[in-house]
Amino acid sequence: FDLLEHDGPYPGNLDAAARPPLQKGVEDSRWVQWSITAEFYSWCRGRGIYLNTPDWYYLVGSTKCGMGYREVNWSLPRAQQVIHTRQNIFDGTRHKRPSMGWMFVPLTQYHGGGAAATVEPLDQHGDHYRRMLESNLGAGVQACYRGPQLYDTEAVRDLVADQVRWYKAHRDVLEAPIVHGSSRRADGRGLDWLLHADPRLPERGMLCVYNPSIEDRVEILHLDVYYTGAQGQIRVTDAGGSVRDLPLDRRHRVALEVNVPAGGMSWYSMR
């Protein structure tokens, strides 16, 4: 196999037992556990095995860790799950690239919550499903979609296919670092957004703007696009194909008017 999802070990757990010749007891149990795990992960990585682990073992071979959510959060009603998805991604990507953390989408019930917390039947909750796909893929983050099927009708299949097709078309920039100083954390009241940037790419920036309200919103965002590498002006293309060449001020900021549908996402590609 070429991937191992290791559900554990968990950081800092103590083991009171003496386990000769490995450990003397509680005093050295954390160090012994970490050492054994680090050696195993290094061995795996040396053989090209991709490692999903729920703890911070990046420097000894781990590839991906949890983004930072609490599992019981996925028993909350669907509308709240959308908001804390984007909050957790915003917080988790302060310390890692988007592709270094995984998220979660409970297509079926997980840790309770009943029908109000689950996406199935998928064809009855297509708008919520779309919001979850946009929230994760727009951040360049992969999620565990927990359930027996990704679609249950042709319409839902088309929805998933469209989202994946868009993600693949912009994958490089969506997996680029998020500029937190020019992004806004979700609060469920106003627009929130993420700005990806990498000056080495042909597509230097990607802005994904989310509207949690029940009304369409038009606003002007003042963004620091320094990390796109743009000088003087930046070319912005929206989902409809409209192209604008916008000037930058002396601090590499651009004033960008965004139009975001109710409960939706709008994206803006920068070159």
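Just so it is clear, the model here is predicted, and its values are computed rather than measured.
Residues passing the side-chain hydrogen bond (donor to acceptor under 3.5 Å, both in side chains) test with R204, sequence neighbours excluded: none. For the side-chain hydrogen bond (donor to acceptor under 3.5 Å, both in side chains) test, residues two or more places apart in sequence or in another chain that qualify with R86 are S135, D192. Q23 is linked by a side-chain hydrogen bond (donor to acceptor under 3.5 Å, both in side chains) to D15, counting only residues two or more places apart in sequence or in another chain. Taking the side chain to side chain contact (heavy atoms under 4.5 Å, CB included) definition, one finds that W56 meets it with Y58, H95, K96, sequence neighbours left out. Looking at residues two or more places apart in sequence or on another chain, you find a ring pair (Phe, Tyr, Trp, His ring centres under 6.0 Å) between H84 and W74. Residues forming a salt bridge (Lys or Arg N to Asp or Glu O under 4.0 Å) with R97 (at least two apart in sequence, or on another chain): none. With sequence neighbours left out, E203 forms a salt bridge (Lys or Arg N to Asp or Glu O under 4.0 Å) with no residue at all. Partners of E5 under the salt bridge (Lys or Arg N to Asp or Glu O under 4.0 Å) rule, at least two apart in sequence or in another chain, do not exist in this structure. Listed by chain and residue number, nothing satisfies the salt bridge (Lys or Arg N to Asp or Glu O under 4.0 Å) test with R250 (two or more places apart in sequence, or in another chain).
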Exercise answer: donor-acceptor pairs, residues 251-260 side-chain atoms, under 3.5 Å, sequence neighbours excluded:
from: R253; atom 1: NE; to: D249; atom 2: OD2; distance (Å): 2.9
from: R253; atom 1: NH2; to: D249; atom 2: OD2; distance (Å): 3.1

Show me the donor-acceptor pairs, under 3.5 Å and distance only, between side chains in residues 228-237 and residues at least two apart or in other chains.
from: T228; atom 1: OG1; to: V225; atom 2: O; distance (Å): 2.6
from: T228; atom 1: OG1; to: A230; atom 2: N; distance (Å): 3.3
from: R235; atom 1: NE; to: D245; atom 2: OD1; distance (Å): 2.7
from: R235; atom 1: NH2; to: D245; atom 2: OD1; distance (Å): 3.4
from: R235; atom 1: NH2; to: D245; atom 2: OD2; distance (Å): 2.9

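Judged purely by atom type and a 3.5 angstrom limit, H196 uses its side chain to pair as donor or acceptor with the backbone of A176.
Within the structure, side chain to side chain donor-acceptor pair (under 3.5 Å) contacts touching residues 155-166 (residues at least two apart or in different chains) are D162-R165.
Across all non-hydrogen atoms, the minimal contact from D224 to Y226 is OD1-N, 3.0 Å.
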